[in-house]
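Residues take their numbers from the sequence shown, with the count starting at 1.
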Amino acid sequence: MATRGDRAVWPTSTLAELRTALGGPLPLDPIDETAVIDALARAAEPGLVATTGPRYFGFVTGGALPATVAAEWLTATWDQNAGLYVMSPAASIVEEVAGRWLIDLLGLVPGSSVAFVTGCHMANFTALAAARHGLLRRVGWDVEADGLQDAPKLRVIVGDEVHVSVIGALRLLGIGSRQLVRVLADDQGRMRPEALANAIGGSSAPTIVCAQAGNVNTGAFDALEAIADIASRHGAWLHVDGAFGLWAAASDQLKHHVRGIDRADSCATDAHKWLNVPYDSGLVFVAHPAAHRAAMSMNAAYLVRSPDEPREPMDWTPESSRRARGFAVYAALRSLGRSGVADLVERCCRLARRFADRLRTEPAIRILNDVVLNQVLVRVEPVSGDADAATRETVRLVQEERICWLGGTRWHGMDAMRISVSNWSTTEEDVDRSAESIVRATRQRA
Ligand SMILES: Cc1ncc(COP(=O)(O)O)c(C=O)c1O
């Protein structure tokens, strides 16, 4: 942890070297545990990416706040099964408390149900399962008992820039990707409300509208208030995928981006992204606890419930036995406080703007997005030649220099590099060093 800011952000060891260092046959007999752990640390370390360090800008990757790392050590040591209250009263109560804090911090519907899952993909799954239950129940169908095959048809409307995990979650729920109604998005990736209004009319089918708070490339937010108006006029369930964008709600400066979130029927986010909790940690909130519980809850005689009727974690998650993820979330929220979360989010956004401002001064670099959050989309456009190839090559050179790490993407038919500033420990100096690395790579390529 102490050296995470100094070491090469991407490791130098090769695939073959790692296979050799970590591989070999399964030992026949026990090996001393300390020797095993020492050897594991030695062999794995050359293959570790400094994702917790201050210059990792790939995907949308949070670091790990010190209190959350310590909470994770406790979680592993305590080894609680957070499935039922009787298995760990402390784990259940910590989820209850942290869940309440989160609803308050993010301005969500008071009394929403909360679940702690592996990530936003599973959070989307859980929320959409609740939506499926709630909508089908309204038309007299019990999907948990009677399944989906003969059920009334559900209609799901998504923006053209929907995150792939929403599609993956719907697939698991029996709704295929070709069955989705896609509505146009604008140049920043925001669902166009007027396109939604056109798409939603003309059918009385139970409908889920999936909106987004924070596009994975641009950071842009769908206009939630306008979308909520349209959804509520048609009795649709509004789900919001806010994997990282939902955290804007914690900041007075940024919460206008998620105006209308308190009208969502469900929303999903990650703690392992912007809250800087170690992997894995996703969160789901449902404004209709009965639908949420009906979609997730299971019973068996041996799964004993406490007579005090506390919150039973497995009533709200797609898993039964699970790690006590609530401890680390609790530690993050308690150590940061309300102002600390706001400061973390605002700082990352400020640093993203600094990145963009520095890169814009380079003639061959174009910033493709409005930097409204923590995401910067960068394209290299040389005076002559192929800009796609130049962008891809620049990404490769930056990755090779190892001062920082960022990845590539495609945006509106163009190659681009993605910068996501999501780490609690990133400083202005880290951004400047990293921007210099990108500029150097751009010039070297030219
Ligand atoms: C908008 C959005 N939704 C969902 C996800 C999936 O999150 P996870 O990989 O934590 O399951 C991501 C991941 O980047 C995302 O950006």
Side-chain angles (χ1 to χ4, degrees), residues 67-68 70-119 122-123 125-134 137 142-145 262 264-271 275 277-278 280-338:
T68 67
E72 286 291 344
W73 292 337
L74 288 176
T75 303
T77 310
W78 290 336
D79 192 23
Q80 303 287 280
N81 183 340
L84 286 168
Y85 180 85
V86 288
M87 293 165 156
S88 179
S92 163
I93 296 300
V94 151
E95 288 191 2
E96 181 183 295
V97 171
R100 221 173 33 235
W101 286 348
L102 286 161
I103 289 168
D104 180 32
L105 177 73
L106 301 172
L108 306 178
V109 178
S112 288
S113 47
V114 186
F116 292 70
V117 292
T118 49
M122 271 300 114
F125 170 82
T126 307
L128 292 165
R132 186 178 72 162
H133 172 93
R137 184 92 206 173
D142 180 348
V143 68
E144 282 71 38
D262 55 345
D265 296 288
S266 56
C267 51
T269 191
D270 268 317
L275 191 60
V277 168
D280 45 28
S281 188
L283 298 159
V284 55
F285 306 90
V286 182
H288 311 281
H292 183 180
R293 186 181 184 143
M296 292 294 130
S297 185
M298 297 175 303
N299 250 324
Y302 84 100
L303 294 173
V304 286
R305 278 146 195 275
S306 171
D308 299 338
E309 298 189 2
R311 179 178 182 280
E312 299 287 3
M314 70 177 277
D315 283 344
W316 311 99
T317 60
E319 303 124 332
S320 301
S321 294
R322 34 186 280 283
R323 228 161 54 78
R325 291 192 189 88
F327 290 126
V329 173
Y330 178 93
L333 293 171
R334 192 145 189 182
S335 66
L336 290 172
R338 197 181 282 277

_Quick check against the 3.5 Å criterion: does Glu312 have a side-chain atom that pairs as donor or acceptor with the backbone of Ser306?_
yes

*Could you state the interatomic distance from CZ (Phe116) to CG (Asp280), rounded to the nearest 0.5 Å?*
13.0 Å

*For the side chain of Asn81 and the backbone of Gly83, is there at least one donor-acceptor N/O pair under 3.5 Å apart?*
yes

*Would you name the heavy atoms of Ala271 and Val329 that are closest together and state the gap between them?*
CB-CG2, 4.0 Å

*Kindly say whether Leu105 contributes a backbone atom to a donor-acceptor pair with the side chain of Arg338 at under 3.5 angstrom?*
no

*asked:* Checking Leu102 against Thr269 for the side-chain contact (heavy atoms from CB on, under 4.5 Å) test, could you report, in this order, the C-alpha distance in whole Å, the side-chain angles of both residues, the deciding distance, and whether it holds?
replied: CA-CA 11 Å; Leu102 286 161; Thr269 191; over 6 Å; no

_Stepwise side-chain contact (heavy atoms from CB on, under 4.5 Å) test for Leu275 and Leu333_ = CA-CA 8 Å; Leu275 191 60; Leu333 293 171; 4.1 Å; yes

*Nearest heavy-atom pair of Met122 and Thr126: which atoms, and what distance?*
O-OG1, 2.7 Å

*Search all heavy atoms of Ala264 against all heavy atoms of Val109 and return the closest pair with its distance.*
O-CG2, 4.2 Å

_Rounded at 0.5 Å granularity, tell me how far CG in Asp142 sits from NE2 in His133._
7.0 Å

*With sequence neighbours left out, what residues match Phe285 under ring pair (Phe, Tyr, Trp, His ring centres under 6.0 Å)?*
none

*Rounded to the nearest 0.5 Å, how far does CE of Met87 lie from CE of Met314?*
7.5 Å

*asked:* Within the supplied structure, the quantity of interest is the number of heavy atoms (other residues, nucleotides, ligands) at a distance under 6.0 Å from Arg334 CZ; does it exceed 12?
replied: no

*Do Arg293 and Ser113 touch side chain to side chain, with heavy atoms closer than 4.5 Å?*
no

*How close do Gly111 and Pro289 get, heavy atom to heavy atom, and via which atoms?*
O-CG, 3.4 Å

*At their closest point, which heavy atom of Thr68 faces which heavy atom of Ala328, and how far apart are they?*
CG2-O, 3.6 Å

_Partners passing ring pair (Phe, Tyr, Trp, His ring centres under 6.0 Å) against His292 (at least two apart in sequence or in another chain)_ = Trp316

*Keeping the roles fixed (side chain from Ser297, backbone from Ala294), state whether a donor-acceptor pair exists under 3.5 Å.*
no

*asked:* For the backbone of Trp78 and the side chain of Gln80, can you confirm whether one donor and one acceptor N or O come within less than 3.5 Å of each other?
replied: yes

*Spell out, as yes or no, whether a donor-acceptor pair under 3.5 Å connects the side chain of Arg323 to the backbone of Thr75.*
no

*Leu74 side, atom CG; Asp79 side, atom CG - distance, nearest 0.5 Å*: 12.5 Å

*asked:* For Arg311, I'd like to know if atom CZ has over 12 heavy atoms of other residues, nucleotides or ligands within 6.0 Å.
replied: yes

*side-chain contact (heavy atoms from CB on, under 4.5 Å) between Val114 and Glu95, intermediate numbers included*: CA-CA 8 Å; Val114 186; Glu95 288 191 2; over 6 Å; no

*Please test Asn299 against Arg305 for side-chain contact (heavy atoms from CB on, under 4.5 Å), starting from the C-alpha separation and ending with a verdict.*
CA-CA 9 Å; Asn299 250 324; Arg305 278 146 195 275; 3.1 Å; yes

_Once rounded to the nearest 0.5 Å, what's the spacing between atom CG of Leu303 and atom CG of Leu84?_
5.5 Å

*asked:* Within this structure, what is the CG-CG distance for the pair Leu108 and Asp262, rounded to the nearest 0.5 Å?
replied: 8.5 Å

*Closest heavy-atom contact between Ala71 and Phe327?*
CB-O, 3.8 Å

*Hey, does the side chain of Arg322 reach the backbone of Ala82 with a donor-acceptor pair shorter than 3.5 angstrom?*
yes

